[in-house]
Amino acid sequence: MEGPCVIISNHQSILDMIGLMEILPERCIQIAKRELLYMGPLKIWIYPEGTRNMNGDLLPFKKGAFHLAIQTQVPIIPVVYSSFSSFYNPEKKMFTSGKIKVEIFPPISTKGLTSEDVDDLAKQCYTTMRETFFRLSGKSREANGEASILGQ
């Protein structure tokens with residue numbers, strides 16, 4: 001993908017950074033929220049869950065990434081990592097061997113969308129990413145119950 005975009009992905013732990021380093025596009029960097037004010041045009045990677053999550057499901061998405069993509073009229077690119085639970089125990093901070101599966105989606109255009117479209121875009125991304133997370137992780141949706149789609 002050439003040009004600015006907003007990349008979103010599920011966020012399980014600091015291990016996300018390992019996979020991230022393998023697939024980062026040029027001019028994509030990791031920065032804290034406040035530092036966004038001082039960067040020029042670049043690709044931004046956001047974890048819309050807002051915090052790390054190892055509960056076997058996606059947390060509800062916060063809407064900031066979707067507002068940003070629509071306000072700047074840049075595409076949003078979902079990225080999904082499979083569950084780390086098969087090889088990482090966060091309580092014991094213990095690793096075994098395992099694999100992470102990653103799926104990168106084609107860019108979703110935000111051209112012509114307005115702030116009224118934020119909820120629908122967030123819901124579309126959440127639903128697609130959640131289904132993909134379960135498929136990549138070899139888990140069924142029913143085993144995890146139904147989560148709320150959007151955070152408040």
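All heavy atoms count here, side chains included; hydrogens, waters and symmetry mates do not.
For the atom pair His67 NE2 and Thr72 OG1, the distance stands at 12.5 Å (nearest 0.5 Å). Rounded to the nearest 0.5 angstrom, Asp119 CG and Phe66 CZ are separated by 10.0 Å. The CG atom of Leu121 lies 5.0 Å from the CD1 atom of Ile70; values are rounded to the nearest 0.5 Å. Thr114 OG1 to Gln71 CD: the interatomic distance, rounded to the nearest 0.5 Å, is 10.5 Å. From Ile108, atom CD1 reaches atom OG1 of Thr128 across 6.5 Å, with rounding to the nearest 0.5 Å. Once rounded to the nearest 0.5 Å, the distance linking CG of Asn10 with CG of Leu58 reads 5.5 Å.
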For this session: Run the numbers on Cys5 and Ile7 for side chain to side chain contact (heavy atoms under 4.5 Å, CB included), then give the verdict.
Result: CA-CA 6 Å; Cys5 65; Ile7 303 169; 3.9 Å; yes
For this session: Walk me through it: do Thr127 and Lys123 pass the test side chain to side chain contact (heavy atoms under 4.5 Å, CB included)?
Result: CA-CA 6 Å; Thr127 301; Lys123 183 176 181 177; 4.2 Å; yes
Exercise. Does the pair Tyr81 and Lys101 meet the rule for a side chain to side chain contact (heavy atoms under 4.5 Å, CB included), with working shown?
Worked result: CA-CA 6 Å; Tyr81 294 94; Lys101 296 177 184 174; over 6 Å; no
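The heavy-atom pair separating Leu59 from Glu49 by the smallest distance is N-OE2, 2.7 Å. Considering all non-hydrogen atoms of both residues, Pro75 and Pro4 come closest at CD-O, 3.8 Å. Nearest heavy-atom pair across Val118 and Lys63 is CG1-CB, 4.0 Å. Nearest heavy atom pair, residue Pro78 against residue Cys125, reads CG-SG, 4.3 Å. In terms of heavy atoms, Ser9 sits closest to Met129 at CA-CE, 3.6 Å. Taking both residues in full, the closest heavy atoms of Ile77 and Pro107 are given as CG1-CA, 3.8 Å, listed atom of the first, atom of the second, then distance.
Judged by distance alone, the side chain of Thr110 and the main-chain N or O of Val74 form a donor-acceptor pair under 3.5 Å.
Every residue two or more places apart in sequence or in another chain that forms a side-chain hydrogen bond (donor to acceptor under 3.5 Å, both in side chains) with Glu103 is listed here: Arg135.
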